[in-house]
Amino acid sequence: MSNELRYDGKVAIITGAGGGLGRSHALLLASRGAKVVVNDLGGSVDGSGSGSASPAEKVVAEIKAAGGEAVVDSHNVAQRESAAQIIKTALDNFGRVDIVINNAGILRDKSFRNMTPELFDPVMAVHLMGTVWVTQAAWELMREQQYGRIINTSSAAGIFGNFGQTNYGAAKMGIVGFTNVIALEGAKYNIKANVLAPGAKTRMTTDLMGPMADQFDMDPAQVSPIVAYLAHEDCPVSGEIYSAAAGRVGRIFIGATKGIFDKKLTLEKIRDNFDKIRDETGYTVPHNATEEMGLLFQAMNNQ
Ligand code: NAI
């Protein structure tokens, strides 16, 4: 098809691409001409175990069998020096980095009262700090070449909340804040950064989703098209969140209500106007903190 979106000449790093969603993103991008670094440390769902390069090797073999180009990388995203080695793998093999898809992740669920540092810290380290360190290692290159596409993987569990996932939810919402800021800092260098909130049947979610995963055909391949679009040169947006599962794709955003404005606020006025403060009618979606502050000036002017 002549109007198909392609990635010829582009190099993509996909972390945690030895299985699940990352594998699916890697297969799609490679099938459209991207050279792909398939990063995966190969541990278990909770991040324990000694790790193995074999899941990533299998994905690279699949890509090559289909005529694509890919290379294995088995560095840990969660440490700064190690994350930098992933970028080095891309440079050594393909000479550049255009796309970073931060996807690697682990789960250590427990209700908050039973949460311990052993459960909390590694989840923050892999999801949030892994995203930070891999992105930072590619950042200077992207600035110099005035081009970059970054997709960071969040989750509805953080954006909206999910029982038993304080560690994961904090990390995943941290990723949203991180992406908001790099989207602003990258704008003048044509670096675009967006967030994915996926849903798919993978080894991470098979137990959690149960029969729902089969009922809706939660194939990771249904999530990869939006990821690939956000990774494309034509991607029109930055600093946004997209949700995708089982063929449904939508945008998630953080809005601000009109609220109330009263120069003589009192505690009782808050109580008496609380419904109005919460009322979602006529909300706005600020694109940065300054725009949010602008709501105050709007309210003053409208007085
Ligand atoms: P998965 O367990 O199949 O994939 C995660 C991969 O990351 C694994 O292959 C694992 O070996 C790798 N990994 C873990 N720690 C790593 C590290 N330190 N360095 C390098 N690689 C590492 O799970 P799935 O579902 O494909 O998850 C992909 C991403 O999507 C994760 O960030 C997850 O939190 C997120 N997500 C998935 C959802 C789903 O419904 N499957 C829902 C919401 C978010």
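Numbering of ligands and ligand atoms starts at 1, following listing order.
Listed for the Asn194 side chain is a donor-acceptor partner under 3.5 Å among the backbone atoms of Val237.
Counted by atom type alone, Gln165 and Asn162 present one or more donor-acceptor pairs between their side chains at under 3.5 Å. Residues His75 and Ser82 bring no donor and acceptor atom of their side chains to less than 3.5 Å of each other.
The ring pair (Phe, Tyr, Trp, His ring centres under 6.0 Å) search around Phe160 returns none, not counting sequence neighbours. By the ring pair (Phe, Tyr, Trp, His ring centres under 6.0 Å) test, His127 is found to be paired with Tyr168, residues two or more places apart in sequence or in another chain being considered.
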Does ligand 1 have any N/O atom under 3.5 Å from a protein N/O, and what are those pairs and their distances?
residue	atom	partner	partner atom	Å
ligand 1	2 (O)	Arg203	NE	2.9
ligand 1	7 (O)	Gly105	N	3.4
ligand 1	9 (O)	Asp40	OD1	3.3
ligand 1	9 (O)	Asp40	OD2	2.6
ligand 1	11 (O)	Asp40	OD1	2.5
ligand 1	18 (N)	Asn76	OD1	2.7
ligand 1	19 (N)	Val77	N	3.2
ligand 1	21 (N)	Leu41	N	3.4
ligand 1	25 (O)	Thr202	OG1	2.5
ligand 1	26 (O)	Leu21	N	2.8
ligand 1	32 (O)	Asn103	O	2.8
ligand 1	32 (O)	Lys172	NZ	2.9
ligand 1	34 (O)	Tyr168	OH	2.5
ligand 1	34 (O)	Lys172	NZ	3.3
ligand 1	40 (O)	Ala200	N	2.8
ligand 1	40 (O)	Ala200	O	3.1
ligand 1	41 (N)	Ala200	O	3.0

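Residue pairs meeting the salt bridge (charged side-chain N to carboxylate O under 4.0 Å, His left out) criterion with at least one member in residues 257-278, sequence neighbours excluded: Asp262-Lys269.
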